[in-house]
Amino acid sequence: MTQVAASEAQLLTVARALCGAVAPESVSTLLRGEAQLPGGIGPTCRRLLEATLARGAVLELARRGGWRPARHLSGAGEPGATGRLWDRHAPPELRFSATSFHLLRWLCSSPLASSACQRIAGKREGGSALVVGDELLAYLSCDLLARAGCGGAIAREPLFAASPLSWLGFPDRLAPLFEGERPPTLPSFAPLVAGAGAILLEALQLDLSRRWLEIERGKRRVRRLAAMRAQRSAERQRARANAQRRPAPRPE
């Protein structure tokens, strides 16, 4: 029987929750609690974590819309292939960096329902943009936090503010950033319109539509004028940043 330490089991449980194998309610207590984790993980846990992310992330993309037969335009604007996501595209390279590991540790160790929760330890590789796997994990983390009643942690963590996919799906949760004196500068959306990022975005179209409907319906529960203004600013900035990446119209 494969055995891991208790802290490693928590890490694997959160990873499975992100990939849809565990209900958000099952990890709510874990997300709200505070724990001291060791600096690293053993080889068995590392192997299980890699397998969980490699298989679970692909399966979650299929669940969230990739399984539906559809027809999309190709990069040149010509009609593309018809079928499920894996019929329309060659398998993309879904790579996770150390940032994803730091994110998982943060989800397991910080009291995420508290305003006093600490930021994610560690830095992104070279301070550069998130790789595709990191983007997906950041998006799934936002969804898990919101469903587990810890959505306030999203705006407090700079990693999500650096994720264009998180801005697309959760501008309402990142809106508090616009209530400060210095509004944030949104990250570039360029990684999501080409290569593996475009395939990722295509797979999440239905899920993003669901999120946008939730955001519009949730506006009736906003009671503070400052909060409504902040959310409007977040949505406008997201739309402007996204519009800058639209391809130029084809000449007739």
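Counting from 1, the numbers follow the sequence of the chain as shown.
Listed here is the closest heavy atom pair of Leu130 and Ala162: CD1-O, 4.3 Å. Taking every heavy atom of both residues into account, Ala138 and Ser163 meet most closely at CB-OG, 4.0 Å. Closest of all the heavy-atom pairs between Leu136 and Ala57 is CD2-CB, 3.8 Å. Between Leu112 and Cys117, the shortest heavy-atom contact is CA-CB, 4.3 Å. Shown here for Leu201 and Leu192, the closest heavy-atom pair between the two residues is CD2-O, 3.5 Å. The heavy-atom pair separating Val132 from Ala196 by the smallest distance is CG2-CB, 3.8 Å.
Side-chain contact between Glu60 and Asp143 is absent, with no heavy atoms from C-beta onward closer than 4.5 Å. Taking the side chain as every heavy atom from C-beta outward, Arg105 and Phe101 approach each other to under 4.5 Å. A 4.5 Å side-chain heavy-atom check between Leu18 and Leu107 finds at least one atom pair inside the cut-off.
Annotation: the span from Ser166 atom OG to Arg173 atom CZ amounts to 13.0 Å, rounded to 0.5 Å. The distance from atom CG of Leu140 to atom CG of Leu204, rounded to the nearest 0.5 Å, is 7.5 Å. Expressed to the nearest 0.5 Å, how far CG of Leu48 lies from CD1 of Ile41 amounts to 9.0 Å. Taken from CZ in Arg16 to OG1 in Thr13, the straight-line distance is 7.0 Å, to the nearest 0.5 Å. Atom CG of residue Leu31 and atom SG of residue Cys108 lie 8.0 Å apart, to the nearest 0.5 angstrom. Asp207 CG to Leu168 CG: the interatomic distance, rounded to the nearest 0.5 Å, is 12.0 Å.
Between the side chain of Glu8 and the main chain of Cys45, no donor-acceptor pair closer than 3.5 Å is present. Trp67 contributes no side-chain N or O that, together with a main-chain N or O of Arg84, makes up a donor-acceptor pair within less than 3.5 Å. Between the Glu202 side chain and the Leu85 main chain, no donor and acceptor come within less than 3.5 Å of each other. Between the side chain of Asp134 and the backbone N or O of Ser97 there is at least one donor-acceptor pair closer than 3.5 Å. For the pair Glu157 (side chain) and Leu159 (backbone), a donor-acceptor distance under 3.5 Å is present.
Here the two rings, on Tyr139 and Phe170, have centers that are under 6.0 Å apart.
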| Intermediate values then yes/no, side chain to side chain contact (heavy atoms under 4.5 Å, CB included), Leu145 and Phe160 | CA-CA 12 Å; Leu145 289 169; Phe160 301 121; 4.1 Å; yes
| task | Report the C-alpha separation of Arg224 and Glu179 in whole Å, then their side-chain angles, then the decisive distance to 0.1 Å, and conclude whether the side chain to side chain contact (heavy atoms under 4.5 Å, CB included) test is met. | result | CA-CA 11 Å; Arg224 294 189 304 112; Glu179 295 191 45; 3.2 Å; yes
| query | For Leu53 and Leu137, what are the C-alpha separation, side-chain angles and deciding distance, and is it a side chain to side chain contact (heavy atoms under 4.5 Å, CB included)? | reply | CA-CA 9 Å; Leu53 294 179; Leu137 212 63; 3.9 Å; yes
| request: Check the pair Gln10, Leu37 against side chain to side chain contact (heavy atoms under 4.5 Å, CB included), reporting the backbone distance first and the verdict last. | output: CA-CA 10 Å; Gln10 293 178 345; Leu37 300 183; 4.2 Å; yes
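Between Leu177 and the options Pro158, Pro171, Pro183, Pro184, a side-chain contact (heavy atoms from CB on, under 4.5 Å) holds for only Pro184.
The hydrophobic clustering, which links ILVMFWY residues whose side-chain heavy atoms are closer than 4.5 Å, places Val27 and Leu59 apart.
Other residues, nucleotides and ligands contribute over 12 non-hydrogen atoms within 6.0 Å of the CZ atom of Arg156. Other residues, nucleotides and ligands contribute over 12 non-hydrogen atoms within 6.0 Å of the CZ atom of Arg210. By the 6.0 Å contact criterion, CZ on Arg63 is enclosed, its count of non-hydrogen atoms from other residues, nucleotides or ligands being greater than 12.
By the side chain to side chain contact (heavy atoms under 4.5 Å, CB included) test, Ala113 pairs with Arg32, Cys150, sequence neighbours left out.
Salt bridge Glu214/Arg211: present, at least one basic N to carboxylate O contact under 4.0 Å.
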